[in-house]
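Taking it in order: structure first as structure tokens, then the write-up.
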Amino acid sequence: MPHRIVNSLLLIFATAMSALGQSPASELQAAVADLERLPPETRAGVRYLSLLAIPEPRRVEARRVVSYTLNALSRVRTIAPPTAISSTLVRLSISNYVADGQQFAAWSAAWEKLAEADPYWHLRTEVLALSGPKSPARQAPTGRPQAADDKNLLRQITIDGDWLDAALVARLKAGTLSSGGILRADDFIARATTSPLYYDFAGIPATQDEFLKTLGIDSATIDRLRANAGANLMISGVTQKPRRVVWMQGPLGGVYQTLDVQQVDAERDPFRRPLSTGGVNLKFDAGEWFALAPNGLWRVALYDAAGRQQQTVPDKIAKDTSDPSGDGIVAPLISCIRCHTESGLRPFRDDQTRLFSTGRVDFRSYDPAIVQRATEFYDEPRLARQMEFDRQTYAQAVLRATGLKPEPLAVALARVVREFAYLPMGSDQAARELGLTSERLTDALAESHDPILLTLVEGRPVLRGQWESSYAEAARLTTGRLDGRGWTARKPR
């Protein structure tokens, strides 16, 4: 039978699964069928994301969040939504989000990190190393073989899930040139919107100076032209401490930095050191950066006072209260978008300008040049005008990527991450992820000895990490065949 006909039959079969009950296996089939309909020269870099595990009423919303996430990780100017293959499967191409071969390689490497830790189409296992300084093939000084159970000989690897059709897996890998040609959409969203993977995808450099270079910003030129403005907050609504916000204009749009402190004292109080002059600088511990990316979405980063990249904000500086179910750690990108629902930039009043406007600050004892610079820098009307323009740019980009305004997009993003990563899950969700009804799941798992699976059988919830550690056994027990009643479980071997 010609290969094209086989692919067409596969696609028809996969589409029919929507009526008979879908599963990770049917999603794999649909991905292979779609991939092999594409021109061979375009297949490398193609990836698939499955929304099967997301309840049907929220799949359209989740697809919009997928589009937002992909474009928030993009390094180019265009907005590129993924292509819907079915109600549960979308296709993307890495080439839509990078500008050159080096960026393609970096994006691909970040994706492979996702696949390496994926438990839904892959299996993480330990093997004995066959080479290296300690190996069964080498002899100990005494001439006796080294112990094979030496923990240094073990290394973790990721292999294809043995509950999947090996031939289909091989065809997907050969076409996409990836070990993770298909992944879960909610897992992708949760992991790619937090560091370190967010940094890897978006290309956030290890130092603050390099970050500014990627935005076309030269700090020396900004300082020489006095091309920035700022505000001091007596008590920030985010950190609950004094905070300085600094704006500067780059060729892509506004760039915003916060100067944040772990403790409050005179050296770290922006109101006591409103300017850097006479060798006296405001001391701070870390800073959060918001910068408009080429496509108009926000690119965020964290750096300490020495300009070194930080994975999260130290607990003593700020806590993430944007989702009560989360761990309270501020991490880019997810914390920033959940918290800054006002198009990425939260409104505030410049308390420094308010102090100046009272008329009680006596400037007569200050150097006139310092007074002039302070008046220039703390220009609240200009800062507010620039922030509003950048909010509008971001809102338009969000609308193009998702069809949503920024606030509902932030709510939708938070919901996907919360329901996947934070909240306990029950047998109904486990059944959905395996493509079964709850009754068939209970029947299939009843013979298991796994404590997590037995807990689900008893109707009690488990945490996501617990479920992932038991997913391989659940998938083996419930891998089935298609008949007139849908997917039926097979007995364990």
Side-chain angles (χ1 to χ4, degrees), residues 61 63-83 90 92-100 103-104 106-107 110 188-189 192-194 198-205 211-217 222 227-229 245-258 288-302 332-347 382-414 416:
E61 176 186 80
R63 190 181 301 121
R64 290 173 170 173
V65 177
V66 167
S67 181
Y68 173 81
T69 303
L70 289 169
N71 286 284
L73 303 177
S74 175
R75 306 189 188 192
V76 297
R77 189 163 183 170
T78 54
I79 296 288
T83 301
V90 298
L92 64 114
S93 177
I94 292 175
S95 298
N96 289 335
Y97 306 104
V98 297
D100 53 41
Q103 293 182 5
F104 186 98
W107 234 83
F188 165 73
I189 292 167
T193 57
T194 191
Y198 167 69
Y199 286 158
D200 292 341
F201 276 110
I204 305 299
F211 177 67
L212 289 174
K213 287 180 182 178
T214 67
L215 301 170
I217 298 280
I222 294 293
N228 54 13
V245 179
V246 179
W247 160 83
M248 62 192 80
Q249 186 68 26
L252 300 174
V255 178
Y256 298 83
Q257 178 193 18
T258 66
E288 180 181 18
W289 288 84
F290 268 71
L292 284 177
N295 62 10
L297 297 178
W298 289 114
R299 184 169 289 169
V300 300
L302 301 172
L333 169 77
I334 181 63
S335 299
C336 307
I337 301 304
R338 281 192 314 220
C339 178
H340 297 239
T341 59
E342 304 88 351
S343 293
L345 298 175
R346 300 191 70 177
R382 180 175 184 181
L383 183 59
R385 185 171 63 252
Q386 296 293 157
M387 290 177 63
E388 182 56 30
F389 180 82
D390 292 331
R391 286 193 189 101
Q392 292 176 10
T393 300
Y394 174 75
Q396 291 173 2
V398 170
L399 186 64
R400 290 173 62 196
T402 69
L404 297 173
K405 294 182 178 180
E407 186 169 359
L409 178 277
V411 171
L413 171 63
V416 171

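Keep in mind the model is a prediction, meaning the values are calculated, not measured.
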Can you give me the closest heavy-atom contact between [X] and [Y], atom names plus distance?
X: Pro294; Y: Arg299; value: CD-NH2, 3.7 Å
X: Asn71; Y: Pro81; value: ND2-N, 4.1 Å
X: Leu297; Y: Ala72; value: CD1-N, 3.6 Å
X: Gln249; Y: Ile217; value: O-CD1, 3.6 Å
X: Pro251; Y: Gly216; value: CD-O, 3.6 Å
X: Ile189; Y: Val66; value: CD1-CG2, 3.7 Å

Partner residues of Phe104 under the ring pair (Phe, Tyr, Trp, His ring centres under 6.0 Å) criterion, sequence neighbours left out: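 Counting only residues at least two positions away or on another chain, Phe104 forms no ring pair (Phe, Tyr, Trp, His ring centres under 6.0 Å).
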
Phe201 and Trp107: aromatic ring centres closer than 6.0 Å?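 Under 6.0 Å, so yes.
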
Do [X] and [Y] touch side chain to side chain, with heavy atoms closer than 4.5 Å?
X: Tyr198; Y: Val300; result: yes
X: Gln103; Y: Asp100; result: yes
X: Leu292; Y: Trp298; result: yes
X: Asp390; Y: Tyr394; result: no

Measuring from [X]:[atom1] to [Y]:[atom2], what's the distance to the nearest 0.5 Å?
X: Asp200; Y: Leu73; atom1: CG; atom2: CG; answer: 10.5 Å
X: Leu409; Y: Leu399; atom1: CG; atom2: CG; answer: 10.0 Å
X: Leu92; Y: Phe188; atom1: CG; atom2: CZ; answer: 7.0 Å
X: Leu413; Y: Thr402; atom1: CG; atom2: OG1; answer: 10.5 Å
X: Phe211; Y: Gln257; atom1: CZ; atom2: CD; answer: 10.0 Å
X: Gln386; Y: Tyr256; atom1: CD; atom2: OH; answer: 6.5 Å

Measure from the side-chain N and O atoms of [X] to the backbone N and O of [Y], and report whether any donor-acceptor pair falls under 3.5 Å.
X: Thr193; Y: Ile334; value: no
X: Thr393; Y: Phe389; value: yes
X: Ser67; Y: Ala401; value: yes

I'd like to know if Glu61 pairs up with Arg64 as an ion pair, taking the criterion as any Lys NZ or Arg NE/NH1/NH2 lying under 4.0 Å from an Asp or Glu carboxylate oxygen.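 Answer for the salt bridge query: no.
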
Flag yes if more than 12 heavy atoms outside Arg391 fall under 6.0 Å of its CZ atom; otherwise flag no.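 Yes, CZ of Arg391 has more than 12 neighbouring heavy atoms, counting only those of other groups under 6.0 Å.
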
Atom CZ of residue position Arg346 - does it have more than 12 heavy atoms of other residues, nucleotides or ligands inside 6.0 Å?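 Correct, the count exceeds 12.
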
Out of the candidates Asn96, Val398, Asn295, only one should pair with Ile79 under the side-chain contact (heavy atoms from CB on, under 4.5 Å) rule; please name it.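 Of the listed residues Asn96, Val398, Asn295, the side-chain contact (heavy atoms from CB on, under 4.5 Å) partner of Ile79 is Asn295.
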
